[in-house]
Amino acid sequence: MIDLKYLQNNFDDASTKLQKKGVEISTLEQLQILFKILKKHNVTLEAMKAEQNSMSKLFGQYKREGKDISELKVKVDANKEAMLPLQEKAREAEVALYEVALAIPNFPDDAVPEGADEEDNIELRKVLELKNFGFEPKEHWKLAEMNGWIDFERGVKLAKSRFSILRGEASRLERALINFFLDTNTQKGFVEYSVPFINNAAMLQGTGQLPKFGDDLFKIEDEDLYLIPTAEVPLTNMYHDEILTEQELPLLMTGYTPCFRKEAGSAGRDTRGIIRQHQFNKVEMVAIAHPDKSDEVFELMVENASDILTALGLPHRVVELCGGDLGFSAAKTIDLEVWLPGQNQYREISSISNTRDFQARRAKIRFKDGKKNRFVHTLNGSALAVGRTIVAIMENYQNEDGSIEIPEVLKKYM
RNA sequence: CGGGAGAUGUCAGAGUGGUCGAAUGUGCCGGUCUUGAAAACCGGUGAGGGUUAUACCUCCGGGGGUUCGAAUCCCCCUCUCCCGGCCA
């Protein structure tokens, strides 16, 4: 959630920033009004409560001393009655405020490039030369068929479209990649976790998926539970509603989980192959950092993900997202896009974001800065998306006859 | 899933309608004593919000109710432990 006090005191600046993310000024004006109303109600209500408390204390004292209480009772009853409608109003104001506030995206950093969509993203650098195949490289779904690596039809039979089955060597490759990623991340200082793949609604609100993006989530029937769309949710929310010490920051975490997404708005996109599935595996990095240090941690995460691709011999480019392409929670995002020769294009394989204090505010993750509690910064990034790495290996390591080499660094894992 | 017990400050643990934000012990901080430490003794010490700082509000697992007033009474939920069932 954005800092409502900041919005209150720097309205012009805040609204300029949020226009980069397509937020209407009228929405922000409404939010500002709701915030003022709630504050006003709370101030009067607190004063009335204080009055009520002191009269109640007197009440007990009178009784002990055997004094007459009838007059006091009239006053106390009147005050109580006067509070009721105000309490109701304050409650309504709070509900209305949060309904709007929870749907407002994060401020982009000042340095984030202007732009409307991915066309305006900035390529920072390319890593590794593209390979010259000397023949027409095939797309991964063609290679999957030739090698018997992916069973698309039976995956659909078991669940529905956008589910698939990896077979034999492909399945082993997936297992090898997960281990390779986790080992690499651990060497960089990230602590490995195995977490629940189902989280409750409060956690999904903490990282920003709820309430606005519930349509993208698989919900457990009759329960307050959802399949996680990314390990970012459980890893970040491990510290939900906690106050950390400054010494334990930064907390660097990594974990492998399957991810479940409805892909509600993606009908017709990437329908062939396993680029876009309802269930996919991912190894995630999450960091909880001191606000003054989160930029350093961000660089570490980008470098780590890029190094993994380099170790796998996969050409890729590093792209900074423009304001219009930033996700809901992100203040800044760098995508790593891997080269897919079969598709003749770069495709996202990792996305690393600094959410600053946006998620920390929602999830109430703070640290002790002297006597004061301050919000931490939270960061997340893939290292890496496993399914898409398999695609990239298939397309980049294919031979003319359709056979696929295994990258050198993975051989000890196979 | 069935039966029983429980949830209070760092921890342990009292408190069954007002003087309770909460006894006592423990831990922690400071002091006395000591060459130094330990022990002993004395003093201080819960959390969140809010404020420049005070005031003030909230918090005894969570939510609702009764009452002028709730840790304490009533209802619902969650979690933990024990017993039984089922089970990887």
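Here the structure is a predicted model, which is why all the values come from computation and not from measurement. Side-chain atoms are counted along with the backbone in the values below, which use heavy atoms only and exclude waters and symmetry mates. Every chain is numbered from 1, with letters handed out A, B, ... down the list of sequences.
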Check: Within this structure, what is the CD-to-P distance between A/E65 and B/G18, rounded to whole angstrom?
Finding: 16 Å

Checklist line | RNA chain B base-pair string [pairs: Watson-Crick or G-U under 3.5 Å; |: paired with another strand] | finding: ((((((((..[[..)..(.....]].((((((.......))))))((((......)))).[[[[[..)....]]]]])))))))....

Next item on the list: Measure the acute angle between the ring planes of A/H290 and A/F367, then classify it against the limits of 30° and 60° as parallel, tilted or perpendicular.
Entry: tilted

Note to self: So that I can tick it off, tell me whether A/E169 and A/R172 are bridged by a salt bridge, with the cut-off set at under 4.0 angstrom between side-chain N and carboxylate O.
What the structure shows: yes

Note to self: Whether A/D109 and A/R356 form a salt bridge (side-chain N of Lys/Arg under 4.0 Å from carboxylate O of Asp/Glu) is what I want to check.
What the structure shows: yes

Taking only N/O atoms, report every protein-nucleotides 86-88 of chain B pair under 3.5 Å with atom names and distance.
none

Next item on the list: With C1' as the reference atom in both, quote the distance from B/C87 to B/C74 in angstrom, rounded to an integer.
Entry: 38 Å

Check: Please give, in whole Å, the distance from B/C56 C1' to A/K57 NZ?
Finding: 12 Å

Checklist line | A/S382 (side chain) donor-acceptor with A/S351 (main chain) under 3.5 angstrom | finding: yes

Check: How close or far is atom P of B/C77 from atom CD of A/E223, stated in whole angstroms?
Finding: 14 Å

Identify each atom pair where a protein N or O and an N or O of nucleotides 46-53 of chain B are less than 3.5 Å apart, giving names and distance.
from  : atom 1 : to     : atom 2 : distance (Å)
B/G48 : OP1    : A/K368 : NZ     : 2.9
B/G48 : OP1    : A/N373 : ND2    : 2.9
B/G49 : OP2    : A/N373 : ND2    : 3.2

Next item on the list: Can you sort out the partners of A/F181 under ring pair (Phe, Tyr, Trp, His ring centres under 6.0 Å), two or more places apart, ordered by chain and number?
Entry: none

Item checked: Nearest-angstrom distance, P atom, B/A14 to B/G84 -> 27 Å

Next item on the list: Write out all pairs satisfying salt bridge (Lys or Arg N to Asp or Glu O under 4.0 Å) with one or both partners inside residues 232-256 of chain A, taking only residues at least two apart or from two chains.
Entry: A/D241-A/R366

Checklist line | Sequence neighbours excluded, every pair satisfying salt bridge (Lys or Arg N to Asp or Glu O under 4.0 Å) that has a member inside residues 203-223 of chain A | finding: none

Next item on the list: Could you pull out all residues at least two apart from A/D151 that satisfy salt bridge (charged side-chain N to carboxylate O under 4.0 Å, His left out)?
Entry: A/R154

Check: On a whole-Å scale, what distance lies between the C1' atoms belonging to B/G46 and B/C11?
Finding: 13 Å

Notebook entry, point to check: A/Q87 CD to B/U58 C1': how many Å, rounded?
Noted result: 13 Å

Notebook entry, point to check: Taking only residues two or more places apart in sequence, or in another chain, which ones meet A/Y226 in a ring pair (Phe, Tyr, Trp, His ring centres under 6.0 Å)?
Noted result: none

Checklist line | Interatomic distance at C1', B/A47 relative to B/U8, whole Å | finding: 13 Å

Next item on the list: Check every strand shown and say whether A/N42 touches a base, only sugar-phosphate, or nothing at a heavy-atom separation below 4.0 Å.
Entry: nothing

Do any N or O atoms of the protein come closer than 3.5 Å to N or O atoms of nucleotides 69-71 of chain B, and which pairs are they?
from  : atom 1 : to    : atom 2 : distance (Å)
B/G69 : OP2    : A/K80 : NZ     : 3.4
B/G69 : O4'    : A/S56 : OG     : 3.4

Can you give the donor-acceptor pairs under 3.5 Å from side chains of residues 278-289 of chain A to other protein atoms, not counting sequence neighbours?
from   : atom 1 : to     : atom 2 : distance (Å)
A/H278 : ND1    : A/R261 : O      : 2.8
A/H278 : ND1    : A/K262 : O      : 3.4
A/N281 : OD1    : A/Y256 : OH     : 3.1
A/N281 : ND2    : A/E174 : OE1    : 3.3
A/N281 : ND2    : A/E174 : OE2    : 3.0
A/K282 : NZ     : A/T230 : OG1    : 2.9
A/K282 : NZ     : A/E284 : OE1    : 2.7
A/E284 : OE2    : A/G381 : N      : 3.4

Margin query: Just the rounded figure in Å: distance from C1' of B/C56 to CE of A/M55.
Written below: 16 Å

Note to self: Tell me the interatomic distance from A/M48, atom CE, to B/U58, atom P, rounded to whole angstroms.
What the structure shows: 14 Å

Checklist line | Under the ring pair (Phe, Tyr, Trp, His ring centres under 6.0 Å) test, residues paired with A/Y239 that sit two or more places apart | finding: none

Checklist line | Counterpart residues, ring pair (Phe, Tyr, Trp, His ring centres under 6.0 Å), relative to A/F260 (two or more places apart) | finding: none

